[in-house]
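Let me begin by presenting the structure, written as structure tokens, before commenting on it.
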Amino acid sequence: MGNEATFITKNFGKYDPMSIDSYLSIGGYSALKRAISMDGEDIASKIAEAKVKGRGGAAYDMGRKWSQSRGIKAPHKVVICNADEGETCTFKDREIITHDPFNLIEAITICGYTVNAQDAYIYMREEYRHLRPRILNAIKQAEEKGFLGDRILGTDFSFRIHLYSGAGAYVCGEGTALIRSIEGKAGRPRMKPPFMKVSGLFALPTCVNNVESFAIVPHLLMDDKREYVSYGSGESLGTKLICLGGNVRRPGVYEIPFGTTVRDIIFDLGQGIPGGHSLRLIQFGGASGKVADSRILDTPYTYDDLKKAGVTVGSGSVLVIDDRTSVLDFLRMTQDFFSEESCGQCTPCREGNLHIKLILAKMARSEATQADIREMTKIAKIMSISSLCGLGESAQNALLSAMKVFPETFELGGEN
Amino acid sequence: MEDVQMIHLKINNLPVSVPKGTKILQAAQSIGIDIPHLCFHPDQRAKARCRICSVEVVGNRRLLAACSTEVWEGMEVFTDSQIVRDTQVGILQLIMADHDKNCLTCARNHRCELQELCARFNIQIPNVPDVTKDRKAENTNPSIVRNPAKCIKCGRCVRVCKDTQGIEALTYASRSDDLIVTTPYNLSMEKTDCTLCGQCSLVCPTGAIVEKDDTQVVLNALQDPNTHVIVQVAPAVRVALGDAFGYESGAIVTGQMVTALKMLGFDRVFDTNFSADLTIMEEGSELLHRIQNGGVMPMLTSCSPGWINFIEKHYPQLLPHLSTAKSPMSMFGAISKTYYAKQAGVPVKNIFTVAIMPCTAKKFEAARPEMGRDGMRDVDAVLTTREFIKLIRYVGLSFKDLPESEFDSPLGTGSGAGAIFGATGGVMEAALRTVYEKVTGKEAQPLEFHDVRGFAGVKEATYDLGVRKVKVAVCHTLLNARKMMDRLEKGECDYDFIEIMACPGGCIGGGGQPYDTTNEVRKKRIEALYEIDKGLPYRKSHENPDIITLYKDFLGEPLSDTSHHLLHTDYHQVHKLYEFE
């Protein structure tokens, strides 16, 4: 496995995830100890220097996010760990929670220290309920050892972590829907501003990060040898967890250095497509991600290169679809997902998903006209530029990108 | 006054300066550009749900919602670029595709915000197929009809019910294209926390929530030669009706209104201001009786039917605080079927009493079994101001050209005290004018009680009656009513008398008033009522000569047996269906 790295996953399998003593024996909590001797701004700078981008999908500069959160003065602030992981073909956070829960708890605590928060909420998708005991155990043991609770490690820093499960809606991975869900309200996004960093959970300043984003931090703080930044180049430094799925022989989560080619991901790590089938398309970054065909195979997996090739990193998923599934069937499957998961409050997303679903069905019945295709394109564009939240904005990424990559799918014999 | 920071921006290349905090929508309005909007309502927090106000802002990849985006220095906005037009029209078409398009038979035909936008954008053949679902209308209570098939999910009703009224009888259910606005557990409205105040019907941009239409009932009665049809008009109607006929907000159109009613064929046109004075006589006397005899204090007013529904459902344990006096509408009804019948020499069974009210809950009140005798209703039909407007249009009256005329006698004279019933604080002031004089034996100086006036949500004041001070409070909206009742329960209300009105601003802001009743409009109507009060020969209820005659000839004294029988009522806890006992 020449393409795999072990930076974020370096603790995986090295300790008993139910035992803090086991975690401490491999050097656990050294990062927190180091962090509390540092100024919060220096922690944020360290993350910024490594150019860590949020791993939930939006790829926002994480050091900057922590610094901005830190800059907001308020007596009570909160940190949220987004473990909703609802994107299709995305399961990296599950692996982190399963194999390295103490690192996550340590990371969230470091975030709390950095941004001067008092409480953190882990919002975990309902499907991961089997991992609840693991997280609750980690929190409890951390409290017992004085790594959480009042006056952590003898300092003035007091911090608590709470675990919260969603009820299964994809849209609750969206920050504002997520906080509403924790607040006991229906999980529907709200307009911004106010932005989360100013007024988030319970109207308190809130710093939200993805599980993988957090998981990097303790390792980065202890990375005296500057291993992390030795991977990748340009704006894409370090390593990334990818979720390889679909028609590959060896699906799973892999930690890759940024810059690994898509071909190496699919044909080396994933050992290629089974059954002698050929590649139809790859969707990057979950259901809300864009698609590419085999022309992307030699593209290095970096933020910039993927963007140039017309796709994005997104959630880190790489979904491989072989020639047994047509482009149209794939798009209909993706559309069914969004037609189910739209929260329904804003017009473009509520009504747009419905009409596009109907036109795709017409295409499948060979009844669609060029006018239908034009209308579908128009609706998809309206959705992406005018929806209330990121779900509506990105729901038609697959369709709009497929129109560019697979124009033949949309060339109909029909008139008009 | 503080210096307001001005923000300089450009809209369609035109320079605009507006105070910091202004939204793009209002900034555009300030230079005469109307950005289309549906979920936006001037009295509500921005929702940014319908997205039809999406505009282009230079430097932003996506369009921004004009209703919720604050302007910033140097901002460049385009409201009519190709992408904006395509998006706005596209969204409109998407809304239309999921909207019951039976416009010709819709209650909102010609008065519909969605229809106006379709006309404005010259929507002809829709580009997308009709996707309306079979959603049945709910028509189970006397006040409000819901037509979910006409709902565009803008959320204005949900917002007014929650934020203004604190009720939350309307909410969203389901998601994606199944999203609907509905009641908790999909119960019919009267079985929920709903008070039938009708504020939802006032803010709805389409025909999805409307008052139950009783215009045909009234037209039929007017056509029947054997029926003696009389009408009473609430104080708040005369300062709102003009809005629909090209008058400025707050115009006083009493004279034209009376003429219109006469031309519609009503046999007698009377004034609820008269029975408002009667209410003061009874309610004021009840207050004094409670004070003098150690009754349950503080006493709460009982004229607002939305408020009555509220307390019966939400605070039944506080019902003994409610004045037993019926509302002016119901007092009028009772008098019309007794005293008036005798006076006019018309058999009671032939009298049909119509009430024109700014209110949807009045329809429910009139249908209460307590509001009648021997199986006969005191008020046979209630029309909202909006239905009244429809009747005027129906018979083709050119309202603005009508001459003025006077109310009929003997139930047509109201004092200034009766007139101000329509404003928050008005009932309190009217009561104070009479109670002060009854207790002190002196004229109140000054006659006007300004501390209880104005648009503040809760007002309080203390007045010295010589023998005793009275402490009073006034609140409007059910959200404020709830806060007041919570305080009362905790024993934190040392008031003697509390006036409560369900709707913002009082009856002038009622759920049955003309569309486009905003808080700005409400304030103008309140001013108009005080204007009417100033110009009247009698400004105190007990000086109304028709009231004096009524007591002399028929009722005897306030709180007499006859009064109790006709003009007072009692209240009952109403169980909401989902309160499982």
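- In terms of non-hydrogen atom pairs under 4.5 Å with chain A, the most contact-rich of Ala65(B), Cys39(B), Ala46(B) is Ala46(B).
- No donor-acceptor pair under 3.5 Å is formed between the side chain of Ser176(B) and the backbone N or O of Glu340(A).
- Heavy-atom neighbours of Lys133(B) NZ from other residues, nucleotides or ligands within 6.0 Å: above the threshold of 12.
- Among all heavy-atom pairs drawn from Ala48(B) and Met191(A), the shortest one is CB-SD, 3.7 Å.
- Inspection of non-hydrogen atoms places Ile83(B), Asp86(B), Thr87(B), Gly90(B), Ile91(B), Leu94(B), Ile95(B), Ala97(B) of residues 81-97 of chain B under 4.5 Å from chain A.
- Looking only at side-chain heavy atoms (C-beta outward), Ile379(A) and Val128(B) come within less than 4.5 Å of each other.
- Across all non-hydrogen atoms, the minimal contact from Ser386(A) to Ser54(B) is CB-OG, 3.5 Å.
- Here the OG1-CG distance, from Thr347(A) to Leu179(B), works out to 10.5 Å after rounding to the nearest 0.5 Å.
- Taking both residues in full, the closest heavy atoms of Arg350(A) and Ile152(B) are given as NH2-O, 3.6 Å, listed atom of the first, atom of the second, then distance.
- Annotation for Ala169(A) and Arg175(B): closest pair CB-NH1, 3.5 Å, computed over non-hydrogen atoms.
- Remark: side-chain polar atoms of Arg62(B) are paired, donor with acceptor, to backbone N or O of Ser384(A) under 3.5 angstrom.
- Within 6.0 Å of NZ on Lys381(A) lie no more than 12 heavy atoms contributed by other residues, nucleotides or ligands.
- Annotation for Arg482(B): atom CZ counts as buried by contact number, over 12 foreign heavy atoms lying within 6.0 Å.
- Taking all atoms of both residues into account, the shortest heavy-atom contact from Arg51(B) to Ser387(A) is NH2-O, 3.4 Å.
- If you tally non-hydrogen atom pairs under 4.5 Å between each of Leu64(B), Ile180(B), Leu63(B) and chain A, the highest count goes to Leu63(B).
- Residue contact with chain B, scored on non-hydrogen atoms closer than 4.5 Å, involves the side chain of Glu375(A) exclusively.
- Residue Leu358(A) touches chain B through its side chain alone, counting heavy-atom pairs closer than 4.5 Å.
- Between Ser174(B) and Arg188(A), the shortest heavy-atom contact is O-NH2, 3.2 Å.
- The structure places NZ of Lys153(B) at 5.5 Å from CD of Glu351(A), a figure rounded to the nearest 0.5 Å.
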